[in-house]
Amino acid sequence: EDQVTQSPEALRLQEGESSSLNCSYTVSGLRGLFWYRQDPGKGPEFLFTLYSAGEEKEKERLKATLTKKESFLHITAPKPEDSATYLCAVQNYGQNFVFGPGTRLSVLP
Amino acid sequence: KAGVTQTPRYLIKTRGQQVTLSCSPISGHRSVSWYQQTPGQGLQFLFEYFSETQRNKGNFPGRFSGRQFSNSRSEMNVSTLELGDSALYLCASRTGYSSTDTQYFGPGTRLTVL
């Protein structure tokens, strides 16, 4: 059964304190790995798609990387507006999307 | 381009009732998926529709059903509501089905079952 886990469950950072979020997955056949950001009471907002090990993508203070078993979302010099829940999801060859439980990030000013 | 829209945004029902939720995908998107999100279970896949046909189904009871219309708009129905059905129901659309196109989510419908 395909599975996605994320760690830590919650993370509190001071503004400017860089860190990484982890997404570990087991999937029958990986078509893509997706990162989303979700603010309270809203739908997930797309951030990145990664397709193969070694791939990296960047957007502002965020950088996502992918290995054969996990993905990392690196946050450099975060700001309070980066506070949100970050969700990781994988898509398998059966076209199913499986989401992880998310990491709740709080960035304190 | 307008995003995914969902109606209604909030809904309160009582046990035993049924409910219908609506989703309008991004223009040009032909695939619509539905998810249930709860604090305990996270985001769980319900089903996906493409070209008016259900292509994938998650592990939910038959009380949960859906359909898609020729204009790609989709509805989800839950019959005989239970307290545990209280959740945020999210709709996501993508361009096609046989691809790794990104899913874009709507704001969700918050369903409360009393």
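Only heavy atoms go into these numbers, but all of them, side chains included; no hydrogens, no water, no symmetry mates. Chain identifiers are assigned alphabetically (A, B, ...) following the order of the sequence lines, protein sequences preceding nucleic acid strands; residue numbering begins at 1 within each chain.
Dense packing is recorded around CZ of B/R55, with more than 12 heavy atoms of other residues, nucleotides or ligands lying under 6.0 Å away. Within 6.0 Å of CZ in A/R61 there are more than 12 heavy atoms belonging to other residues, nucleotides or ligands. Counting heavy-atom neighbours within 6.0 Å of A/K57 NZ, excluding the residue itself, gives a total above 12. Enclosure of atom NZ in A/K42 is not indicated, since only 12 or fewer non-hydrogen atoms of other residues, nucleotides or ligands lie within 6.0 angstrom. For CG of B/N71, the number of neighbouring non-hydrogen atoms (other residues, nucleotides, ligands) closer than 6.0 Å is greater than 12. Dense packing is recorded around NZ of B/K57, with more than 12 heavy atoms of other residues, nucleotides or ligands lying under 6.0 Å away. Within 6.0 Å of atom CD in A/E81, more than 12 heavy atoms from other residues, nucleotides or ligands are found, so the atom counts as buried in its surroundings.
How far OH of B/Y104 is from CD of A/E45: 10.5 Å, rounded to the nearest 0.5 Å. Note: A/F97 CZ to B/N56 CG = 9.5 Å, rounded to the nearest 0.5 Å.
Residue B/E48 touches chain A through its side chain alone, counting heavy-atom pairs closer than 4.5 Å. With a 4.5 Å cut-off on non-hydrogen atoms, B/R9 touches chain A through its side chain but not through its backbone.
Of the listed residues A/G43, A/A89, A/P44, the one with more heavy-atom pairs under 4.5 angstrom with chain B than any other is A/P44.
In the hydrophobic clustering of ILVMFWY residues, with side-chain heavy atoms under 4.5 Å counting as a link, B/L81 and B/I12 come out apart. Residue B/F105 is not grouped with residue B/W34 when hydrophobic side chains (ILVMFWY) are merged at heavy-atom distances under 4.5 angstrom, including chains of intermediate members. Hydrophobic clustering, with ILVMFWY side chains joined whenever heavy atoms are under 4.5 angstrom apart, keeps A/F72 apart from A/L105. A/L47 and A/F34 fall into different hydrophobic clusters, where Ile, Leu, Val, Met, Phe, Trp and Tyr side chains are chained together by heavy-atom contacts under 4.5 Å. Both B/L46 and B/V32 belong to a common hydrophobic cluster when Ile, Leu, Val, Met, Phe, Trp and Tyr are linked at side-chain heavy-atom distances under 4.5 angstrom.
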Practice item. Any chance you could lay out the side chain to side chain contact (heavy atoms under 4.5 Å, CB included) test for B/L43 and A/Y36, step after step, and finish with the verdict? Key: CA-CA 12 Å; B/L43 256 168; A/Y36 288 86; over 6 Å; no
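At a heavy-atom separation below 4.5 angstrom, chain A is approached by B/L88, B/L90 within residues 83-92 of chain B. Scanning residues 106-114 of chain B against chain A with a 4.5 Å non-hydrogen threshold yields B/G106, B/P107, sorted by number.
At least one side-chain heavy atom of B/F45 sits less than 4.5 Å from a side-chain heavy atom of A/N96. Residues B/Y35 and A/F99 meet the side-chain proximity criterion, which asks for heavy atoms closer than 4.5 Å.
Using a 3.5 Å distance cut-off with no hydrogens or angles, the side chains of B/Q103 and A/Q91 do not pair a donor with an acceptor.
Partners of B/T20 under the side-chain contact (heavy atoms from CB on, under 4.5 Å) rule, at least two apart in sequence or in another chain, are B/E75, B/N77. Applying the side chain to side chain donor-acceptor pair (under 3.5 Å) test to B/S22 and every residue at least two apart in sequence or in another chain returns B/R73.
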